[in-house]
Protein chains: 2
Amino acid sequence: MNDSSDAPARSGRAARLDDVAVIAGVAKSTVSRVMSGEATLSVRAETRQRILAIAAELGYQPDSRARALRLRRTHTLGIVVPEIDNPAFGTIIRSAQKAAVARGYSLFISLADKDQPDGELYRRLVAGSRVDGVLVTTTSDPALVAELRRRAISYVLVNRESPGETASIIVDYVDGTVRAVAHLAGLGHRRLALISGPLGQYTGRKRLEGFRRGLAAAGLPFDPDLVAECNYGWEEAGDALAAMLSAPGGPPTAVCAANAVVASGTIARARRLGLAVPDDLSVVALLDGPLAAMSAPAITAMQYPFEELGRLAVNALIDNLEDDTEVAGRTLPPLGLAERESTYAIDPL
Amino acid sequence: MNDSSDAPARSGRAARLDDVAVIAGVAKSTVSRVMSGEATLSVRAETRQRILAIAAELGYQPDSRARALRLRRTHTLGIVVPEIDNPAFGTIIRSAQKAAVARGYSLFISLADKDQPDGELYRRLVAGSRVDGVLVTTTSDPALVAELRRRAISYVLVNRESPGETASIIVDYVDGTVRAVAHLAGLGHRRLALISGPLGQYTGRKRLEGFRRGLAAAGLPFDPDLVAECNYGWEEAGDALAAMLSAPGGPPTAVCAANAVVASGTIARARRLGLAVPDDLSVVALLDGPLAAMSAPAITAMQYPFEELGRLAVNALIDNLEDDTEVAGRTLPPLGLAERESTYAIDPL
DNA sequence: TGGACGAAGGAAATCGTTTTCCTTTCTGAG
DNA sequence: CTCAGAAAGGAAAACGATTTCCTTCGTCCA
């Protein structure tokens, strides 16, 4: 009659600790200890085997909800990313997830967009202790950081910086941009343009800084007319180029584009306007992506260690969670420039 | 001395139900009821206001772990996707997440890859009741489906079918392919090729079926030499094209490529081999993506309602969870062919 | 004056673990 | 033969919510 206790594996109900205990004829505390491989446990080998066998047979899996409640740990990390289509974020979340599961954690990915602003998503994530810690990739809003602090949620800023905040792991966009500019200058270009993302955002600011530093290093003047902002759109990038072609100081001979799609849009528009790439205009993407290699001409682009970034961030976060070690900031140097077909020496000797 | 009870909002500890109850001078059952807006509750308006005010002041958020344990519901749905870079999956998870949060759920996204095979990920997801239900997008492995059944986990197959399984919401790849073929045939093409993804996989099979049906509808013969398989690689697609150019029955004048990157690779190789696109070779992508519009020439491509797909799947899953309604299968027709620049009438009259 | 009923809220069980102490039972030394 | 101490395991209290019953008033009517 009481068929709920003798065949839980067959019924729909998942097996619980207690089911195993009853069948094995021991207390559930014993089962719990055996299952978790407690070191200081004294139990006869025979008993241990019996428990393990029964647990396996019933397909017992500890209930993560109960576990989370008791342990005050969900073993889940959260990350919120803007635009999943951006290959850099794809790489980051892939490596972050991998690093997390390697250490027994799960990664909860949330996508921000217009009607799901990032701040709200972070709040959803941490509200009710859904995650043990978060990777912050979308914002460096000091208010958010302060809130995480207050709620005692561990966090790491990934590719973002916040004033007075050291828990920041970033990729060196300024150095990468400096190097891209150096490449172009080395090819003999003297009038370089920058088509950047929004200059109000972190990455936009960093790229502008790198652009200016690169110019200075090459002894070239900075012309504000050759800096344009766009929102990473393909058409938009073309518009920006078109506008710069009639700059008072003359058109640029090379442009640094924020990323591969901006570079692609720039190239497409250049061609439509009768400019050959790379012969009349060189283009380098300040951030590589699959599109760069698939374009014609293939686009020279700067590469960054995003995979390492995700991995380091997760490991720093987990270290902080488990050993309470301070998460130390790091900045990773660019991987290098993938030279493809979109840049050309202006004055071949 | 007992400073843990008077200022939980200031201390690091998150406020609990009990904190609110003690301060408000009521039992926690009352607070719980007020917070959840229980309909059949009789409580004085003044008491209710007081409780609400205190909860707000303390920043009380019910602990989701305790809630999940008691309610036996996590209000979280799981989805595992292969290759995040595929824009179709990006659209699906974006709309799925949006639909989920609109109904008070969260979406747990997991990324499959070589060392994280999908089956294992699904198991991680459902093990320990981490999620209430799953969206299955990577596999139609009957064993997995059977396991979900056995564990009494709700699920919906998204863009996958499994024998004997009706809980499947899909996009009509065969009709879309038929229509792409009809477009090409209407342009006067007589020798059409198919560069598909792996034919052993669901989408590959569907596209081959559509290709054959489209050919038959146009009264054209099917030539096995003009069907190639690739693993969605750009270079690979070019290799497939190159091989088909020397087919015994003559080279194709048009090719249906699995998706935008395959189409792009096909076009790039065609050009390298001296063929103009679209003049000498027309190319249509059987699945649109951002790359299609950014290529030169822009690639004509078939579009599907992936956004709707994700939304419908999530809603069906939640309906099933909450009202125990059977999830009914659906197949969504393609949105249509975006005609761009890569297809050309072979015999302009 | 009694009692019936609704209003307002409280006590305690429960969800499935983990963990802190216990309680037995054995073994071996004196 | 006794007793200390180890070996083997058990009982019960958390963790923080929800929910099923209760209890206590106050009011109204007969």
Side-chain angles (χ1 to χ4, degrees), chain A residues 4-5 8 13-52 54-55 58-75 127-130 132 151, chain B residues 4-5 8 13-52 54-55 58-76 126-130 132 151:
Chain A
S4 77
S5 70
R13 197 166 64 59
R16 293 159 313 177
L17 197 53
D18 214 32
D19 298 323
V20 179
V22 166
I23 299 184
V26 297
K28 49 186 193 166
S29 46
T30 305
V31 178
S32 175
R33 279 189 269 250
V34 166
M35 296 305 292
S36 68
E38 193 181 283
T40 68
L41 171 66
S42 80
V43 68
R44 268 177 305 182
E46 185 262 325
T47 310
R48 177 194 301 275
Q49 293 316 321
R50 182 157 35 98
I51 291 174
L52 256 19
I54 292 171
L58 296 188
Y60 170 70
Q61 291 284 142
D63 183 306
S64 69
R65 301 164 297 188
R67 218 147 185 286
L69 177 57
R70 171 68 223 225
L71 264 7
R72 319 176 65 82
R73 278 283 152 95
T74 58
H75 288 269
S129 308
R130 214 176 287 272
D132 296 338
R151 283 194 180 259
Chain B
S4 76
S5 71
R13 197 166 65 60
R16 294 160 313 175
L17 196 53
D18 215 32
D19 298 323
V20 179
V22 167
I23 299 183
V26 297
K28 48 185 194 164
S29 46
T30 305
V31 178
S32 175
R33 279 189 269 252
V34 166
M35 295 305 291
S36 67
E38 193 181 282
T40 67
L41 171 66
S42 79
V43 68
R44 268 176 305 181
E46 187 261 324
T47 309
R48 176 193 303 275
Q49 294 316 321
R50 183 160 34 98
I51 291 174
L52 256 19
I54 292 171
L58 296 188
Y60 169 70
Q61 290 284 142
D63 183 305
S64 70
R65 301 163 299 187
R67 217 147 187 286
L69 177 57
R70 171 70 225 227
L71 299 190
R72 319 176 63 81
R73 278 283 152 92
T74 57
H75 288 269
T76 299
V126 305
S129 309
R130 213 176 288 272
D132 295 339
R151 283 193 179 261

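Numbered from 1 within each chain, the chains take letters A, B, ... in sequence-line order. Computed from a prediction, not measured in an experiment: that's the story for all the values here.
- Of the possible polar contacts, none joining the A:R33 side chain to the A:E38 backbone as a donor-acceptor pair under 3.5 Å is found.
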- request: Kindly determine whether B:V26 and B:V34 satisfy side chain to side chain contact (heavy atoms under 4.5 Å, CB included), including the steps that lead there.
  value: CA-CA 11 Å; B:V26 297; B:V34 166; over 6 Å; no
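- Here the side chains of A:T74 and A:R67 are not in contact, with every heavy-atom distance at 4.5 Å or above.
- Taking OG of B:S64 as the reference point, atom CZ of B:R73 lies at 15.5 Å (rounded to 0.5 Å).
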message: Return a single string for nucleotides 17-22 of chain C, one symbol per nucleotide in 5' to 3' order, where B is base contact, S is sugar-phosphate-only contact and - is none, cutoff 4.0 angstrom on heavy atoms.
response: BBBBB-
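- We find that CD of A:E46 is positioned 15 Å from C1' of D:dA7, with the value rounded to whole Å.
- Pairing each heavy atom of A:H75 with each of A:D132, the nearest pair is N-OD2, 2.7 Å.
- For C:dA7, its base never sits under 3.5 Å from the side chain of B:S42 at any donor and acceptor pair.
- Looking at which nucleotide of DNA chain C each of B:L69 and B:R50 is closest to, the 5′-most match is held by B:R50.
- Following rounding to the nearest Å, B:L58 (CG) and D:dG16 (C1') show an atom-to-atom distance of 15 Å.
- Across the helix from C:dT1-D:dA30 to C:dG30-D:dC1, the helix axis at one end is tilted relative to the axis at the other end by 70° (nearest 10 degrees, each axis from five pairs).
- Residues A:R130 and B:T76 meet the side-chain proximity criterion, which asks for heavy atoms closer than 4.5 Å.
- Across all strands, A:G128 comes closer than 4.0 Å to no nucleic acid atom at all (heavy-atom distances).
- The distance from the CD atom of A:Q49 to the CZ atom of A:R44 is 13.0 Å, given to the nearest 0.5 Å.
- A:R65 places its CZ atom 23 Å from the P atom of D:dA14, with the value rounded to the nearest Å.
- Atom CZ in B:R48 sits roughly 13 Å away from atom C1' in C:dA7 (whole-Å rounding).
- Residues satisfying the side-chain contact (heavy atoms from CB on, under 4.5 Å) test with B:A27, not counting sequence neighbours, are B:S29, B:T30.
- Taking a cutoff of 4.0 Å between a charged side-chain nitrogen and a carboxylate oxygen, B:D63 and B:R65 qualify as a salt bridge.
- Look at B:S64 and you won't find any side-chain N or O under 4.0 angstrom from OP1 or OP2 of D:dA17.
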